[in-house]
Amino acid sequence: MKWLGKFEIQSHDTDFQGICKASSVVEYMQEAARKHLDVCISTLNELKRNNAAFVLCRLTLANYGSLTVNDEIMVETWASSTHGASYPRFTKMYRDDQIVAELATVWTTINVDTRRIIKMGDVLDKIAETDTLSMDMMPRMRIPSNALLTLVGEYFASYSVCDVNGHMNNVRYIDMFTDYLRGGLYNKRITNIDIAFISEAPMGEILKVYASREVDDGKYYMRAVRSDGKVCAEAEFIVDTI
């Protein structure tokens, strides 16, 4: 079962250049995923019965076009078959029938109280589809040895960036890493993002952010580390000129 819905880009979604931020693109796609789950009543009820919540493990975004205020978009999303405790989801965004962005995410389900992974494949596979995306997927996001990361700042997991699960929302990592992109985004736009989520950042956590300079023609690498020394997330961003 797929879900397809219409959205409109708002002024608060755009950056100083009037371009829809990468984090806002992902937010619309994740809102579509939430709406999809809302109509899968039996699946949603089974998740609630198990006190289960989704936790994002991997996010890969291909951002093909520059959306602006009042652009009308259609978002199509579907779940793919589970692999062990991994739950893939694919999403496409259209403007005027042209694909402007694709998103691949891999989730797992945890028990909200124990924070332990629980397998829900027998439930989630009931709504799975077999379609994939046109973009290339790396098997795993790895920071290359030639990307020298240095400390560039800190980020506070405050009230405004945390969600109902009590930790920093996954979309806010995109904003955090964007803020620390070396060289900024003047006359540039983010075309690709790949983030591996490794551990949670609970509300009140102060993350240290490490970033590389440009590597291999427009690629930037970043890492967020918790105060206990555990890596929270690692990312690759690809930037191009407008």
Side-chain angles (χ1 to χ4, degrees), residues 1-3 5 7 22-61 75-91 103-129 140-141 155-177 193-207 224-228 230-235:
M1 175 184 178
K2 294 185 177 182
W3 186 92
F7 299 92
S23 60
S24 295
V25 170
V26 174
E27 278 185 311
Y28 282 113
M29 291 171 142
Q30 291 199 1
E31 179 63 11
R34 186 193 65 79
K35 289 179 178 291
H36 176 218
L37 199 58
D38 280 348
V39 300
C40 300
I41 303 300
S42 61
T43 301
L44 187 61
N45 288 340
E46 190 67 17
L47 290 168
K48 289 179 178 177
R49 189 180 70 80
N50 284 273
N51 201 21
F54 288 108
V55 174
L56 186 58
C57 304
R58 175 84 182 273
L59 177 154
T60 302
L61 173 71
V75 181
E76 180 184 34
T77 187
W78 64 96
S80 186
S81 298
T82 56
H83 302 282
S86 296
Y87 167 63
R89 174 174 284 277
F90 301 118
T91 309
L103 178 70
T105 51
V106 178
W107 305 75
T108 192
T109 45
I110 64 167
N111 180 280
V112 173
D113 295 327
T114 66
R115 314 305 287 180
R116 293 189 177 186
I117 292 173
I118 53 176
K119 293 184 179 180
M120 300 289 294
D122 57 332
V123 175
L124 298 174
D125 281 344
K126 293 177 182 177
I127 61 170
E129 296 280 346
R140 182 182 175 187
M141 206 294 296
Y155 195 87
F156 180 45
S158 62
Y159 163 85
S160 62
V161 299
C162 291
D163 58 27
V164 69
N165 294 318
H167 61 216
M168 186 165 150
N169 183 267
N170 55 74
V171 175
R172 301 284 74 83
Y173 285 83
I174 299 175
D175 287 329
M176 174 184 70
F177 287 134
I193 295 175
D194 200 341
I195 303 178
F197 297 91
I198 300 165
S199 62
E200 297 176 290
M203 187 182 296
E205 180 65 73
I206 298 177
L207 300 174
V225 180
R226 302 190 325 194
S227 56
D228 62 3
K230 290 184 178 180
V231 175
C232 193
E234 294 184 331

message: Quiz question: by atom type and distance under 3.5 Å, do the side chains of N170 and Q30 form a donor-acceptor pair?
response: yes

- request: List the atom of S199, the atom of V231, and the distance in Å for their closest heavy-atom pair.
  value: OG-O, 2.8 Å

- prompt: Nearest 0.5 Å, what's the CG-CG distance between N169 and D163?
  reply: 4.5 Å

message: In the structure I gave you, are the side-chain heavy atoms of V161 and M176 within less than 4.5 Å of one another anywhere?
response: no

message: Nearest 0.5 angstrom please: E234 CD to M141 CE, how far?
response: 5.0 Å

- line: Taking every heavy atom of C162 against every heavy atom of A157, the minimum-distance pair comes out as SG-O, 3.7 Å

- request: For F54, check ring-ring contact (aromatic ring centres under 6.0 Å, His included) against everything at least two apart and list the hits.
  value: Y87

task: Could you tell me whether a side-chain N or O of R226 sits under 3.5 Å from a main-chain N or O of E200, the two making a donor and an acceptor?
output: yes

query: Rounded to the nearest 0.5 Å, how far does CG of N51 lie from OG1 of T114?
result: 8.5 Å

- prompt: Charged N to carboxylate O below 4.0 Å: is that the case for D175 and R172?
  reply: yes

task: Could you grab the distance from atom CD1 of I206 to atom OG of S158, nearest 0.5 Å is fine?
output: 10.5 Å

query: Measuring from L61:CG to L59:CG, what's the distance to the nearest 0.5 Å?
result: 6.5 Å

task: State, to 0.1 Å, how close A201 and C232 come at their nearest heavy-atom pair, and which atoms those are.
output: CB-SG, 3.7 Å

query: Is there a donor-acceptor pair under 3.5 Å between the side chain of N165 and the backbone N or O of H167?
result: no

query: Heavy-atom distance under 4.5 Å between the side chains of V171 and S23, does that happen here?
result: yes

query: Under 4.5 Å between any side-chain heavy atoms of W3 and C40, yes or no?
result: no

message: Do L207 and M168 have side chains that approach each other closer than 4.5 Å (heavy atoms only, starting at C-beta)?
response: yes

message: Distance check, rounded to the nearest 0.5 Å: I117 atom CD1 versus N111 atom CG?
response: 11.5 Å

message: Is any side-chain heavy atom of I193 closer than 4.5 Å to one of F177?
response: no

query: Do you know which of R89, K2, H36 makes side chain to side chain donor-acceptor pair (under 3.5 Å) with T77?
result: R89

Residue pair M1, V39: steps toward the side-chain contact (heavy atoms from CB on, under 4.5 Å) verdict: CA-CA 10 Å; M1 175 184 178; V39 300; 3.3 Å; yes

